Amino acid sequence: MTDTLVATPAETPHCVFDAKDFSSGAHPVWCPGCGDYGVLASLERALAKQGRPPHEVVLVSGIGCSSRLPGYMSTYGFHGVHGRALPVATGLKLTRPDLEVIAVGGDGDGYSIGGNHFIHACRRNVDMLYLVMDNRVYGMTKGQPSPTTEADWDSDIAPGGIGLRPFNPLAVAVASGANYVARGFSGDPNGLADLIVDAIRWPGFAFIEVLSPCVTFRPEQREWKKMVRPSAISIEQDRAAATALVLADDGFSMGVLYRGDRAPIAPALKPEISVADVEREFMVAV
Amino acid sequence: MARTSIAVVFAGSGGSGAMTAGAVFLRAAAHAGYYGMMTQLFGAQVRGGESASLVQVSTAPIETQPDCYDLFVALDWEKVEQFAAEIPLDDRSIILADPAEGPVPAGIAKSKGRVVALAMNDPTENKLARALRGKRVNMFAAGCVCALTGIGDGDAKAAIDTIFDGKGADLIAANAAGATLGAQAAPALALDLWLEPPRKAARWLINGNQAVAFGALRGGVRFVGCYPITPATDLVEWLAPHLIKLGGRLVLGEDELASVNMTLGASYGGTPAMTVTSGPGFSLMIETLGLAVAAEIPFVLVDVMRAGPSTGIASKTEQSDINLAIYGGHGDAPRIVLAPVSVADCVNTGEYAVYVAESLQTPVIVLSDQALGQATTVIDPSSDRPAPLRRRVNGVAPGKPFKRYATGGDPITPMPLPGTPQLEWVAEGLTHNEAGLPASGAAAHVAQIEKRAKKIRQFDPGDHWGEVWGDGDVAIIAIGSTIGPAREAAKRLAASGQKVRVIALRVLSPLPMAALGRALDGVRRIVVIEQNHGAQLYHYLLGHKAIPSSAESVARPGPSPFRPLEIASYVV
Ligand SMILES: Cc1ncc(C[n+]2csc(CCOP(=O)(O)OP(=O)(O)O)c2C)c(N)n1
Ligand code: SF4
Ligand SMILES: [Mg+2]
């Protein structure tokens, strides 16, 4: 079953916020023109629209240019080690279901060093959003090929290209059980903000792959704005159809690919026993 | 003449039920009012291979493996010989075996122990019939050993009721009948193995892994991230159902990197959290341990040490992760390292670890070992609990931005819970300024390193630092499962007129210099005993000048446990 992407009906927010309420005011370290500025702006807009106050939101990240993002927002944050944002976010959301937990990072952080966690976070289907700023390069370490880099992209560390077929994050997410899978573009902050709101509201593990150019090490990515096709993917509820669609796509179709109906992992139960009850199990009467 | 303790081995092939025989004997003894300890040996096979349970029962608490076993009960002889090297027997040992199972194998017979014939099987029954009837030889053996040591049929029956609870009345009745038959066969053996009557009291039957887990629950841990690894798996398997019922959660990560990071995530949200592992998993967690130090996120890491390096010997003990626990990781990353001093102390050290982690906002490592973790022990109920300490979440100094990592004053700075308005902060692993923003200047780096070092430096464990027994001018310093045999050795030396004091460190890092100095007052000779080849503890103490260079080191790898005789013969 397929239908086309439609705008999500606007809900009245709990409180009225402005995008700038979500900015920490810190000056990003990013290069001028970096795609990550657009993602930051989109997140601020989306959270303002979503309507939860900054103190109820936690942004969790790993290491990379993109992973610096939590420091630029006024929410709570956790800037951990390279590749481990998803497990941190998982532990947090499972124990604090009242919080809005959003994991963010780069393609290196999420697909190579953290690749195993990506697969298992999709499987676990904890109710949170994972947003990857994919620039098809390790930006922070100054330009090495990542799992999404084109096979023939020339670099110092892999002259002539890495020679490997790029990884398809959307297909992996669908196959691994993510309940919401979409692709966005940092050059379209309004469209991306809408996608983020939609993803946050969808139950379970939502994954958004965001094309976010690295203008310094992949200047050719400035052309992406001419290549992307907004709202071009259709929403599938069938995993096989979604997989076929995304594997046939050139990677520049934007929008929601898949919305599933898996129930997210349930929160912990109310206590039924006390520690004193546990203690009694050890007792040997005489 | 009645004895005060006995050490018994039940050994047999897979399916012979040697483990259950040991469990019944130990529990029956606990019912009767004795102390005891059981450890297990397994053959190379992953499942269903030969096994042996090693059970000691005594009128006093047991914290060490014996020098020698008094009684070896062979349920059969298939491949049991492979344990010969790990089960010391001598000419005073009694070997109880069914002649129908064939001759005593050379590896066991060479001990010159006295072989006593005991028909445990019904000779008219063939193998198939026996298989159908189920394993009763083990119950016969357990019942017989209970009777031989003076433990009544009622205690054996109570143990069987508990151990087979839920398995059906028929099975319980059949097992009890087997034990009764065994008890009836005991008098004819005319063996002098009677135990002195015990001082009866209600006790706990618990192993070190359960004890650490239970202590952590008492301390408030309600989230555990873990990945299975021997010999820590049974700890988390015990925890999982209990945590669910307590309203907490255990999550099986995809690996240790996930487990430890989930643990940090839960802790950041305000839930006291723990991860549990052994050497190989601990190695994988080291990067995140540094993160927890830098970002000041509390959590407890339990390492049930096994023989290393690499995958080593998964099921057997060693104390070779001392360096990793104290120093593991890059950069200056001071942390707290605790080591329980006995199985009973695992409860308190587990609980205390949570309090220290929460109050200092720092990782606390609990270094247990397989020999403690998998020793099922009868202990006095643990009621003397450490005073609770909590995380500081309130009391923020006014002003914007909120300085989560403020320096200059108390190094323990408030850590507001996410969800608290106006106090948003980012847990930061990069060198950061007081507000938690990344900073690469020297001043912030030095100030934050000093802040974290100061927390550790000013940590005062009080009486928790360690334990001292005895007051001789010779001191043995030990940790974990080597303390028990050291204490036993000291008792024997004292009996022969040589006073030896045993000093056990519960706080390994930061080294409790003053308390250790007081404990060593008046000592002329120091022996540091540890179960690793590189003398990790010895060099650590020497490096801190906590002991003089004249101190002696007894360091040898596992997995063989230290026995009292080995220590006593060195020290004497
Ligand atoms: C364990 C570890 N290995 C390597 C690094 C070095 N490192 C820092 S960021 C990074 C890659 C980041 O790439 P990506 O996630 O795509 O982020 P980007 O900078 O492109 O936004 C690497 C390899 C590290 N910090 N930690
Ligand atoms: S190096 Fe690339 S990814 Fe990093 S900040 Fe600059 S433009 Fe952005
Ligand atoms: Mg990248």
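We name chains A, B, ... by the order of the sequence lines, and we start the count at 1 in each one. These numbers were taken from a predicted model, which means no experiment stands behind them.
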Report the option among [options] that has the most heavy-atom pairs separated by less than 4.5 Å from atoms of chain A.
| options | value |
| --- | --- |
| B:A30, B:A32, B:P421 | B:P421 |
| B:G419, B:A202, B:G429 | B:G419 |
| B:V251, B:I244, B:L423, B:V260 | B:L423 |
| B:G270, B:A201, B:P401 | B:A201 |

So what's closer than 4.5 Å to chain A heavy atoms on [X]: side chain, backbone, both or neither?
| X | answer |
| --- | --- |
| B:L243 | neither |
| B:L437 | side chain |
| B:P438 | side chain |
| B:L250 | neither |
| B:A258 | both |

According to side chain to side chain contact (heavy atoms under 4.5 Å, CB included), who are the partners of [X], at least two apart in sequence or on a separate chain?
| X | result |
| --- | --- |
| A:A41 | A:R45 |
| A:A199 | A:L129, A:Y180, A:A206, A:I208 |
| B:A211 | B:I206, B:C346, B:V347 |

Derivation of the side-chain contact (heavy atoms from CB on, under 4.5 Å) call for B:V378 and A:V284
CA-CA 9 Å; B:V378 183; A:V284 184; over 6 Å; no
Are any of the side-chain heavy atoms of A:V132 and A:V210 separated by less than 4.5 Å?
no
Would you say the side chain of A:C65 lies within less than 4.5 Å of the side chain of A:D36, judging by non-hydrogen atoms?
yes
Pick from [options]: which one has the most heavy-atom pairs with chain B under 4.5 Å?
| options | result |
| --- | --- |
| A:A276, A:A121, A:A266 | A:A266 |
| A:L269, A:I265, A:V275, A:V88 | A:V88 |
| A:A268, A:G77, A:A85, A:P271 | A:G77 |

Output the donor-acceptor atom pairs between chain A and chain B under 3.5 Å, with atom names and distances to 0.1 Å.
| from | atom 1 | to | atom 2 | distance (Å) |
| --- | --- | --- | --- | --- |
| A:H55 | N | B:E424 | OE2 | 3.4 |
| A:H55 | O | B:G419 | N | 2.9 |
| A:Y76 | OH | B:L417 | O | 3.3 |
| A:Y76 | OH | B:T420 | O | 2.8 |
| A:Y76 | OH | B:L423 | O | 3.3 |
| A:G77 | N | B:Y268 | OH | 3.3 |
| A:G77 | N | B:W425 | O | 3.0 |
| A:G77 | O | B:Y268 | OH | 3.1 |
| A:G77 | O | B:A427 | N | 2.8 |
| A:H79 | N | B:A427 | O | 2.7 |
| A:H79 | O | B:G429 | N | 3.2 |
| A:H79 | ND1 | B:E428 | OE1 | 2.9 |
| A:H79 | ND1 | B:E428 | OE2 | 2.8 |
| A:R96 | NH1 | B:G269 | O | 2.9 |
| A:R96 | NH1 | B:P418 | O | 3.1 |
| A:R96 | NH2 | B:P418 | O | 2.8 |
| A:N116 | ND2 | B:D255 | OD2 | 3.3 |
| A:H117 | ND1 | B:E254 | OE2 | 2.9 |
| A:R124 | NH1 | B:E254 | OE1 | 3.0 |
| A:R124 | NH2 | B:L252 | O | 3.2 |
| A:R124 | NH2 | B:E254 | OE1 | 2.6 |
| A:A266 | O | B:R249 | NH1 | 2.9 |
| A:A266 | O | B:R249 | NH2 | 2.7 |
| A:E272 | N | B:K245 | O | 2.7 |
| A:I273 | N | B:K245 | O | 3.3 |
| A:E279 | OE1 | B:R218 | NH2 | 3.1 |
| A:E281 | OE1 | B:H242 | NE2 | 2.8 |
| A:E281 | OE2 | B:H242 | NE2 | 2.9 |
| A:F282 | O | B:L205 | N | 2.9 |
| A:V284 | N | B:R203 | O | 2.7 |
| A:V284 | O | B:R203 | N | 3.3 |
| A:A285 | O | B:H31 | ND1 | 3.2 |

Is it the backbone or the side chain of [X] that comes under 4.5 Å from a heavy atom of chain B, or both, or neither?
| X | value |
| --- | --- |
| A:V58 | side chain |
| A:A285 | backbone |
| A:L99 | side chain |

Would you check, one step at a time, whether the test side-chain hydrogen bond (donor to acceptor under 3.5 Å, both in side chains) holds for A:D107 with A:S146?
CA-CA 7 Å; A:D107 43 321; A:S146 85; 2.6 Å; yes
Any sub-3.5 Å donor-acceptor pair from A:W202's side-chain atoms to A:V181's backbone N or O?
no
For the pair A:N179 (side chain) and A:F205 (backbone), establish whether a donor and an acceptor sit closer than 3.5 Å, ignoring hydrogens and angles.
no
Could you tell me the separation between the CE atom of B:M38 and the CG atom of B:L26, rounded to the nearest 0.5 Å?
6.0 Å
Is the distance between the ring centroids of A:F207 and A:F118 less than 6.0 Å?
yes
For the student: nearest non-hydrogen atoms of A:P169 and A:T148, plus distance
CG-CG2, 4.0 Å
Quick one: closest heavy-atom pair of B:V293 and B:A333, and the distance?
CG1-CA, 3.9 Å
